[in-house]
Amino acid sequence: MNFLKKLNEASQNQSLLFVGLDPNPEMMPSRYESSDLISSLWDWLQFIIAATCDRVCVYKPTLGFYQALGTPGLELLQHTLSSIPKHIPIILDAKHSDLNTSTIFAQTVFTQWGVDAITVSPYVGQDLVAPFLVYPGKAVFVLCCTSNPAAVKLQQYPNNTNDLPLYLRVVQESKTWGTPEQLGLEVGTTKAEVLGRIRALAPERTIIARSIWAEGSNLSEILAAGLNTNGNGLLIPVPQDMLSQDNLAQQVQSLHEEIIQAKTTIISNALSCSVWIPDVCFLNQHPYQDLILQLYDIGCIMFGEFVQASGATFPYYIDLRKIISTPQLFNQVLSAYVDILKTLEFDRIAGIPYGSLPTATGLALQLQRPMIFPRKEVKAHGTRRVIEGEFYPGETVVVVDDILISGKSAMEGAGKLKSAGLNVNDIVVLIDHEQGVKERLRENGYRGHSVLALSQIVETLHQAGRINQEQLNAFLAV
Ligand SMILES: O=c1ccn([C@@H]2O[C@H](COP(=O)(O)O)[C@@H](O)[C@H]2O)c(=O)[nH]1
């Protein structure tokens, strides 16, 4: 089971709470003190787990506290990990940052220690997290900001209004390293505004919040800024000082109820008025907003004079072939196609060459359906096949393409399949250019389906400030 699924199942009682399982002698209540520090800390940790396991959705042991206790500390970690109920995911807070040890450390933490996720520092880049992400179902949380006052000089760099501060660049960059199931963000802040800016850039990521209980911070504002549009996606720490109280269970229960109440108010307010935080609107946000912004950010949408296959000149060009070089985006795109394909009946999937062959391949693998494709040009040698792959006349094939402009490419491909005795009823694309292309398909006997309409893309890019009025007009003028 992947980390996110396990987390969702552990939060069935709507809990957003996580507990730091830290054997910090300085925080240990005096009632646990004895001549044997390790066994005192063990007793305290066991008390914490027993008092909180019905109300939390994650445990987060901090590796540094265990390491600081030497060999007995690492043994304490093993015992602690084994005593956590199996259905509750464990995020090992290691802030791992050393490339040389990533591979061996990933093997230890995931296969020997059996944790579900680990925190990492971002500066080494994707190479650091890659060895962790080869373990199916496991996740990493990338540290993107901390509340330490001295960190501001780095995190806010270059500290002007034109450039994105470094902590937001970390968010933007790290999102390309793994899918939302594989990669979340760790955000230490007392400021709802900081959390809001991160949520706006990463609407689909799980955020583990830290340092939110400082004096003056406001739980409702933190929740409003950090929750995703489904009212989830944010993990809230049980305050450290609460873990020393002997009525911990009751305090955690009250905190849980306070969070649920605040969350309910936020959701109902979002339904009755526009709640805006920079870059994102809870009410009007397109469900594929994140996907649209990423398509733009990796350069799939270009401005300039471009001649189309039809001979017409457009002031923009949409090149979806770039998607395959950003695996996590490619994965999101495939999932969006899958949502449509699940509603259709077909025996085989056909991709239109060349642009849509990787997509069709990915879909065939995900859906476990055979794939074929009509050749663009028939070879003058060899088999001279028009259609590659095995099929039986009379079968139904769904055609997959990237974008419909005039519909000519998709219909030509469908025509070749039909000439071979196959049935083609449905053509599924990522982008519908609109302007009557689906009607044209219908007139030719095909149902057109699309993940996104060009007008939705343009509107979202404009709302998010990615394109200006002039660029918006260029799209609208066509
Ligand atoms: O901006 C664009 C326009 C076209 N393409 C490619 O062309 C076909 C779609 O055009 P039709 O007129 O519908 O045949 C599509 O397969 C694309 O590969 C494009 O990529 N970007």
Side-chain angles (χ1 to χ4, degrees), residues 288 291-292 294-296 298-302 306 308-310 314 316-344 346-379 385-391 395-420 422-434 437-438 440-441 444 446-454 457:
Y288 286 121
L291 195 147
I292 295 171
Q294 288 189 70
L295 288 176
Y296 180 80
I298 67 160
C300 289
I301 300 166
M302 294 171 285
F306 291 100
Q308 300 291 321
S310 63
F314 286 179
Y316 54 84
Y317 190 77
I318 298 171
D319 184 0
L320 298 174
R321 295 162 200 88
K322 292 180 176 168
I323 294 171
I324 53 172
S325 306
T326 307
Q328 65 87 16
L329 176 60
F330 189 28
N331 195 44
Q332 278 186 53
V333 166
L334 290 178
S335 304
Y337 274 98
V338 165
D339 287 344
I340 296 175
L341 290 179
K342 276 194 306 209
T343 67
L344 305 177
F346 57 91
D347 302 303
R348 284 166 204 270
I349 298 172
I352 300 296
Y354 299 100
S356 299
L357 294 184
T359 308
T361 311
L363 291 170
L365 289 169
Q366 276 204 13
L367 295 168
Q368 291 289 295
R369 296 292 182 93
M371 175 191 158
I372 55 175
F373 68 90
R375 291 189 65 88
K376 207 175 177 83
E377 60 293 296
V378 178
K379 288 190 293 185
R385 292 177 69 126
V386 178
I387 296 165
E388 299 291 2
E390 293 302 315
F391 63 90
E395 285 181 327
T396 300
V397 175
V398 62
V399 165
V400 168
D401 203 2
D402 48 3
I403 181 166
L404 287 171
I405 306 279
S406 66
K408 187 166 165 276
S409 316
M411 285 195 284
E412 265 178 20
K416 288 178 190 168
L417 298 166
K418 285 171 82 168
S419 303
L422 292 160
N423 301 314
V424 181
N425 305 320
D426 298 290
I427 295 176
V428 184
V429 296
L430 184 67
I431 299 178
D432 166 17
H433 193 257
E434 299 168 296
V437 64
K438 279 191 182 163
R440 210 164 304 131
L441 293 193
N444 286 277
Y446 304 109
R447 288 183 292 256
H449 310 264
S450 53
V451 174
L452 299 164
L454 188 63
I457 296 179

Taking the side chain as every heavy atom from C-beta outward, state whether [X] and [Y] have any atom pair closer than 4.5 Å.
X    : Y    : value
F330 : T326 : no
H449 : T343 : no
L422 : E395 : yes

Q) So does K322 have more than 12 non-hydrogen atoms from other groups sitting under 6.0 Å from NZ? A)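 More than 12 heavy atoms, drawn from other residues, nucleotides or ligands, come within 6.0 Å of this atom.
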
Once you round to the nearest 0.5 Å, how far does [atom1] of [X] lie from [atom2] of [Y]?
X    : Y    : atom1 : atom2 : answer
L341 : L334 : CG    : CG    : 10.0 Å
I340 : S450 : CD1   : OG    : 6.5 Å
I349 : M371 : CD1   : CE    : 8.5 Å
I387 : R375 : CD1   : CZ    : 11.5 Å
E434 : I405 : CD    : CD1   : 11.0 Å
I372 : D347 : CD1   : CG    : 9.5 Å

Q.
Tell me every residue that passes salt bridge (Lys or Arg N to Asp or Glu O under 4.0 Å) with K438, counting only those two or more places apart in sequence or in another chain.
A.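 Expected list: D432.
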
Q. Can a salt bridge be assigned to the pair K408 and E412 using a cut-off of 4.0 Å between side-chain N and carboxylate O?
A.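 Judged by the 4.0 Å cut-off on N to carboxylate O distance, K408 and E412 do form a salt bridge.
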
Q: Measure across Y317 and Q308 and return the closest heavy-atom pair with its distance rounded to 0.1 Å.
A: CD1-NE2, 3.7 Å

Q: Compare every heavy atom of A414 with every heavy atom of Y446, then report the nearest pair and how far apart it is.
A: OH-CB, 3.5 Å

Q | Evaluation steps, side chain to side chain contact (heavy atoms under 4.5 Å, CB included), between L454 and Y316 | A | CA-CA 12 Å; L454 188 63; Y316 54 84; 3.5 Å; yes

What pairs of donor and acceptor atoms, side-chain ones from residues 354-366 against any protein atom, are under 3.5 angstrom apart with sequence neighbours left out?
{"unit_1": "Y354", "atom_1": "OH", "unit_2": "E377", "atom_2": "OE1", "d": "3.1"}
{"unit_1": "Y354", "atom_1": "OH", "unit_2": "E377", "atom_2": "OE2", "d": "3.2"}
{"unit_1": "S356", "atom_1": "OG", "unit_2": "D401", "atom_2": "OD1", "d": "2.8"}
{"unit_1": "S356", "atom_1": "OG", "unit_2": "D402", "atom_2": "N", "d": "3.0"}
{"unit_1": "T361", "atom_1": "OG1", "unit_2": "L357", "atom_2": "O", "d": "2.6"}

